[in-house]
Colleague: 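Got a structure for you, questions after.
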Amino acid sequence: MSVAENLFLVKQRIAAAARRVGRDPAEVRLVAVSKTVPVERLREAVAAGHRLFGENYLQEALPKIAALGGEVSWHFVGALQTRKAKGVVGVFDLIHSVDRPKLARALEKAAAQRGLIQKILIQVNLAGEATKSGVAPEEAEALLREIAQLPHLKVVGLMTMPPWFDEPERVRPYFRALRELRDHLQKLGLTDGPLPELSMGMTGDFEAAVEEGATLVRIGTAVFGPRPDACFRA
Ligand SMILES: *Cc1c(COP(=O)(O)O)cnc(C)c1O
């Protein structure tokens with residue numbers, strides 16, 4: 001199937017999941033995760049009207065961004081090394097993977113130098129998996145308090161990569177937990193604005209994520225087809 005057809009079908013499934021729980025489908029944005037995908041396939045998505053891509057690696061993303069230019073919006077969804085902070089600030093409209101004070105401070109410094117406000121999400125590791133990035137849920141409040149002091153970072157919500165199950169229903173409790181954590185943090189009023197964004201749901205489980213409140217679903221395989229490195233879960 002073509003990228004255009006895949007996009008059409010995924011967007012239909014997102015809209016149907018939203019309507020099942022009485023949500024407006026327009027509240028949910030599809031981040032087409034394009035790691036390892038050649039730029040020609042991204043062009044097909046752009047030609048089909050898609051304008052939002054997620055990348056995991058700065059080195060891989062930069063040539064794609066240069067090729068497609070400001071036509072589209074880019075999100076950084078991968079694990080981020082502190083020394084790469086300077087490279088991502090201002091290049092990506094949203095960084096999904098901020099999970100530690102040191103990284104936040106590096107992003108703050110880079111954003112201050114460039115004179116801009118960088119939007120970010122706090123990545124939460126809900127199941128405490130050693131192989132995954134993300135702040136522990138019980139430490140999320142402390143991290144948010146720290147970041148709220150940094151004038152060039154704007155936290156707009158939370159992101160999670162839950163444990164992998166072949167049944168989406170088994171992932172649902174994690175999606176719900178992220179929403180509840182967001183509701184809790186939002187009530188504390190630590191940030192200037194609300195925390196509207198919930199980045200959760202991938203190819204295997206995005207409908208459950210939408211039903212639980214996702215506003216950003218990060219979908220690679222269902223849009224672009226299987227990756228050559230499909231067993232590698234970044
Ligand atoms: C690769 C990746 C995705 C997309 O995964 P699919 O299962 O191919 O949809 C989503 N989020 C992150 C952080 C990823 O690295």
Side-chain angles (χ1 to χ4, degrees), residues 1-3 5-14 17 28-39 41-42 44-45 50 52-61 64-65 72-81 84 88 91-100 103 119-127 129-135 156-172 174-175 178 197-234:
M1 280 226 270
S2 70
V3 171
E5 284 170 313
N6 288 344
L7 277 167
F8 178 76
L9 291 173
V10 167
K11 286 178 183 178
Q12 276 196 328
R13 286 169 62 190
I14 291 170
V28 188
R29 286 187 290 161
L30 166 59
V31 183
V33 177
S34 46
K35 59 171 179 257
T36 77
V37 178
V39 73
R41 304 272 286 162
L42 277 71
E44 288 177 52
H50 194 73
L52 175 55
F53 296 92
E55 286 278 341
N56 292 57
Y57 307 101
L58 182 61
Q59 260 60 28
E60 184 191 334
K64 293 178 182 172
I65 295 170
V72 298
S73 173
W74 299 89
H75 287 190
F76 193 87
V77 301
L80 184 55
Q81 295 167 284
K84 298 272 171 71
V88 298
V91 173
F92 293 88
D93 293 320
L94 184 63
I95 299 167
H96 289 225
S97 47
V98 180
D99 63 354
R100 55 197 191 276
L103 174 60
K119 284 189 192 169
I120 64 162
L121 302 177
I122 291 181
Q123 181 174 353
V124 185
N125 187 347
L126 290 166
E129 291 172 283
T131 55
K132 284 191 183 143
S133 329
V135 65
V156 295
L158 305 181
M159 179 272 220
T160 198
M161 291 264 293
W164 191 85
F165 295 106
D166 40 18
E167 273 172 80
E169 283 311 311
R170 296 186 64 189
V171 195
R172 188 183 293 273
Y174 294 96
F175 296 145
L178 193 74
E197 305 286 0
L198 287 174
S199 168
M200 56 190 194
M202 313 194 339
T203 290
D205 53 24
F206 68 86
E207 286 150 311
V210 169
E211 288 171 3
E212 295 300 332
T215 60
L216 293 163
V217 286
R218 308 179 311 266
I219 302 179
T221 309
V223 171
F224 296 111
R227 287 181 293 277
D229 64 339
C231 57
F232 172 74
R233 304 194 66 82

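Remember, it's 1-based here, ligands and their atoms both numbered in the order they're listed. Keep in mind that the numbers below use all heavy atoms, side chains included, and drop hydrogens, waters and symmetry copies. This is a predicted model, so every value here is computed, not measured. Position 1 is the first residue of the sequence, and the numbers go up from there.
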Colleague: Distance alone, cut at 3.5 Å: any donor-acceptor contact between the side chains of T215 and E197?
Modeller: yes
Colleague: Counting heavy atoms only, which of R227, M202, H75, Q123 comes nearest to atom 10 (C) of ligand 1?
Modeller: M202
Colleague: Provide the number and element of each atom of ligand 1 under 4.0 Å from a heavy atom of R218.
Modeller: 4 (C), 9 (O), 10 (C), 11 (N), 12 (C), 13 (C)
Colleague: Looking at I219, which atoms of ligand 1 are within less than 4.0 Å of one of its heavy atoms?
Modeller: 9 (O)
Colleague: Mark yes or no for whether D99, through its side chain, and Q123, through its backbone, hold a donor-acceptor pair below 3.5 Å.
Modeller: no
Colleague: Mind checking whether T221 contacts ligand 1 via backbone (N, CA, C, O), side chain (CB onward), both or neither, at a 4.0 Å heavy-atom cut-off?
Modeller: both
Colleague: Test your reading of the model: is there a side-chain donor-acceptor pair from S2 to the backbone of E5, 3.5 Å cut-off?
Modeller: yes
Colleague: Cut-off 3.5 Å, side chains only: do R218 and S199 have a donor facing an acceptor?
Modeller: yes
Colleague: Distance under 4.0 Å to a non-hydrogen atom of T203: what atoms of ligand 1 satisfy this?
Modeller: 6 (P), 7 (O), 8 (O), 9 (O)
Colleague: Rounded at 0.5 Å granularity, tell me how far CD1 in I219 sits from NZ in K11.
Modeller: 10.0 Å
Colleague: Could you tell me whether the side chain of K64 reaches within less than 4.5 Å of the side chain of W74, counting heavy atoms only?
Modeller: yes
Colleague: Quick one: sort the F92 and F76 rings into parallel, tilted or perpendicular, breaks at 30° and 60°.
Modeller: perpendicular
Colleague: For ligand 1, note which part of H96 has a heavy atom under 4.0 Å away: side chain, backbone, both or neither.
Modeller: neither
Colleague: Quick one: which ligand 1 atoms are inside 4.0 Å of a heavy atom on N56?
Modeller: 14 (C), 15 (O)
Colleague: Relative to the heavy atoms of G220, which atoms of ligand 1 are at a distance of less than 4.0 Å?
Modeller: 4 (C), 6 (P), 8 (O), 9 (O)
Colleague: Atoms of ligand 1 less than 4.0 Å from K35 heavy atoms?
Modeller: 1 (C), 2 (C), 3 (C), 14 (C), 15 (O)
